[in-house]
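All remarks here apply to the structure that follows.
Heavy-atom basis, side chains included; hydrogens, waters and symmetry copies ignored. Values in this document were obtained by computation on a predicted structure and should not be read as measured data.
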There are 2 protein chains.
Amino acid sequence: MQDILFDFISKYISLTEEEKNAILSLDIFRTVNKGTVLLEKGQQSPNSYFVLKGCIRVYYIIDGEEKTTAFYTEMEGITPHCVVNKTPSDYYISCTEDSILLVSDADMGIEMNTKFPKFEIMCRMLSEELLAKQQTAFDEFKTSSPEQRYLSLLQNRPDLIQRVPQHQLASFLGIKPQSLSRLRARIAEKSRG
Amino acid sequence: MQDILFDFISKYISLTEEEKNAILSLDIFRTVNKGTVLLEKGQQSPNSYFVLKGCIRVYYIIDGEEKTTAFYTEMEGITPHCVVNKTPSDYYISCTEDSILLVSDADMGIEMNTKFPKFEIMCRMLSEELLAKQQTAFDEFKTSSPEQRYLSLLQNRPDLIQRVPQHQLASFLGIKPQSLSRLRARIAEKSRG
DNA sequence: TTAACCCGTTCACTTAAGTTAAAAAAGAAA
DNA sequence: TTTCTTTTTTAACTTAAGTGAACGGGTTAA
């Protein structure tokens, strides 16, 4: 599991043994059961999450309805809004599968970034990369229809469609579960001719 | 104009005179005319843009149609996808007004970040902040209807609705110009009773 | 001044998503 | 197993967005 982490980091910076040990000594590996809620609305947790194995999801409860807006799977991570802005969270985060996560809090980030300036660089690179990716995803969402979004998801993240319940996928695609079901039927109809 | 920049930076880090001079010596202030295209599809420019005054917009051309996905106004900036990933750009960037911009290229960023580690820190903070903001905006977009998006824009960025053409706003809201026009009529109808 | 173009609006029509409700299918618990 | 619950599908109906076309106001260019 540690190797997976260090492999990932090595894409951005190279670590000495000392630095690797410093990371390991933080003891940030956590195994988490399916269904565990990592962050609740109104909470102001300092924790960031990075998925080594499994899947976590971000969702809101609006008018009593769950609205899922994001999934994070292997080698993806999230620093919640509430950590960055030090405000209560608007959303929930929970595990959709038994997962292995890295859980780091803001203080650990500051400590590591101070002790090892390399870390600061990696964090900046990661944020910039994520920001650019996020922007592209947003642009694609804005410029396409629900059906196109679904087809594109089928292309780019086919695993998600398998491992995640449809009604969560629906709000992720910006529509209602019934519409997703209908849309799928429509596509199947077309491909049958 | 320089004061505006240094005021902005002071929210993140404090600068010495030496550092301020280093920034000024980069000579990054540019005045740009309305309509100027800063980045074209297919180009691989190294430039990031920060708006001191005016407005720039990001747009795609899909099936011959312009699709505007983002506006950046005073104190907002963008590092295009193509800079981060060193790939040709998928989109265009142009000025919707006569503007004063900061234009910096990737090399300058690297140079400043190396010379002044403080800068690295600011860049990380900015990216993290923008990423969190962007995520919230995306979530809001996903969980609301075109009408709600328009009303929310009216609340949060009323200036945009004034300074930007409707047909550009429409795709920014994820709909067609005709639909925006109709939607506005519907809202006016309601408020009249 | 006229002609051409762009933009915002309106209209009629089509298509697809939202809504409400119910049935069917799949999973989890007793 | 049977029961209970959750998830997915289906259906009928409503609402709103997409589409294609046309009109009028405003600007620009010939």
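The two residues B:R124 and A:C123 have their closest heavy-atom pair at CD-CB, 3.4 Å. Looking at every heavy atom in both residues, A:H81 comes nearest to B:T136 through CD2-OG1, 2.9 Å.
Partner of A:E97 under the side chain to side chain donor-acceptor pair (under 3.5 Å) criterion, chosen from A:K53, A:R163, A:R57: A:R163.
Of the candidate nucleotides C:dG18, D:dG18, C:dT20, C:dG18 has the atom lying nearest to any side-chain atom of A:K176. Here the side chain of A:S181 is nearest to one of C:dT10, D:dT10, D:dA17, namely D:dT10. When the nucleotides D:dA17, D:dT9, D:dT10 are ranked by their closest atom to the side chain of A:R184, D:dT9 comes out on top.
Relative to the six-membered ring of A:F8, A:K11 misses at least one condition, a distance below 6.0 Å or an angle of at most 45° to the axis.
Atom P of nucleotide D:dT10 and atom CG of A:L183 are separated by 13 Å, given to the nearest angstrom. If you measure from atom CG of A:L173 to atom P of D:dT8, you get 13 Å, rounded to the nearest angstrom. When the P atom of C:dA16 is taken as reference, atom OH of A:Y150 falls 16 Å away, rounded to whole Å. Distance B:E65 CD to C:dC7 C1': 14 Å, rounded to the nearest Å. Note: CD (A:E147) to P (D:dG18) measures 14 Å, nearest angstrom. Taking atom CD of A:E66 as the reference point, atom C1' of D:dT7 lies 13 Å away to the nearest angstrom. Atom P of nucleotide D:dG25 and atom CD of B:Q166 are separated by 18 Å, given to the nearest angstrom. Rounded to a whole Å, the CD1 atom of B:I187 is 12 Å from the P atom of C:dT9.
Applying the 4.0 Å criterion to OP1 and OP2 of D:dT6, one finds that A:H167 has every side-chain N and O outside that range. Close to D:dA17, at under 4.0 Å from its OP1 or OP2, lies no side-chain N or O of B:S179. A sub-4.0 Å separation between OP1 or OP2 of D:dT9 and a side-chain N or O of A:R182 is absent.
Salt-bridge check for A:E111 with A:K115: passed, with a basic side-chain N closer than 4.0 Å to an acidic carboxylate O.
In this structure, B:R186 reaches the sugar-phosphate backbone alone: every heavy-atom distance under 4.0 Å involves primed, P, OP1 or OP2 atoms, never a base.
Comparing the end axes of the helix from C:dT1-D:dA30 to C:dA30-D:dT1, each fitted to five base pairs by superposing C1' atoms of four pairs onto the next four, gives an inter-axis angle of 40° (nearest 10 degrees).
Toward the 5' end of DNA chain C, the nearer of the two residues A:K34 and A:I175, judged by each one's closest nucleotide, is A:I175. Mapping A:Q178 and A:S145 onto DNA chain C by nearest heavy atom places A:S145 closer to the 5' end of the strand.
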Residues B:I13, B:F116; criterion side chain to side chain contact (heavy atoms under 4.5 Å, CB included); working and verdict: CA-CA 11 Å; B:I13 56 176; B:F116 307 107; over 6 Å; no
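Ring-centre distance between B:F141 and A:F138: below the 6.0 Å cut-off.
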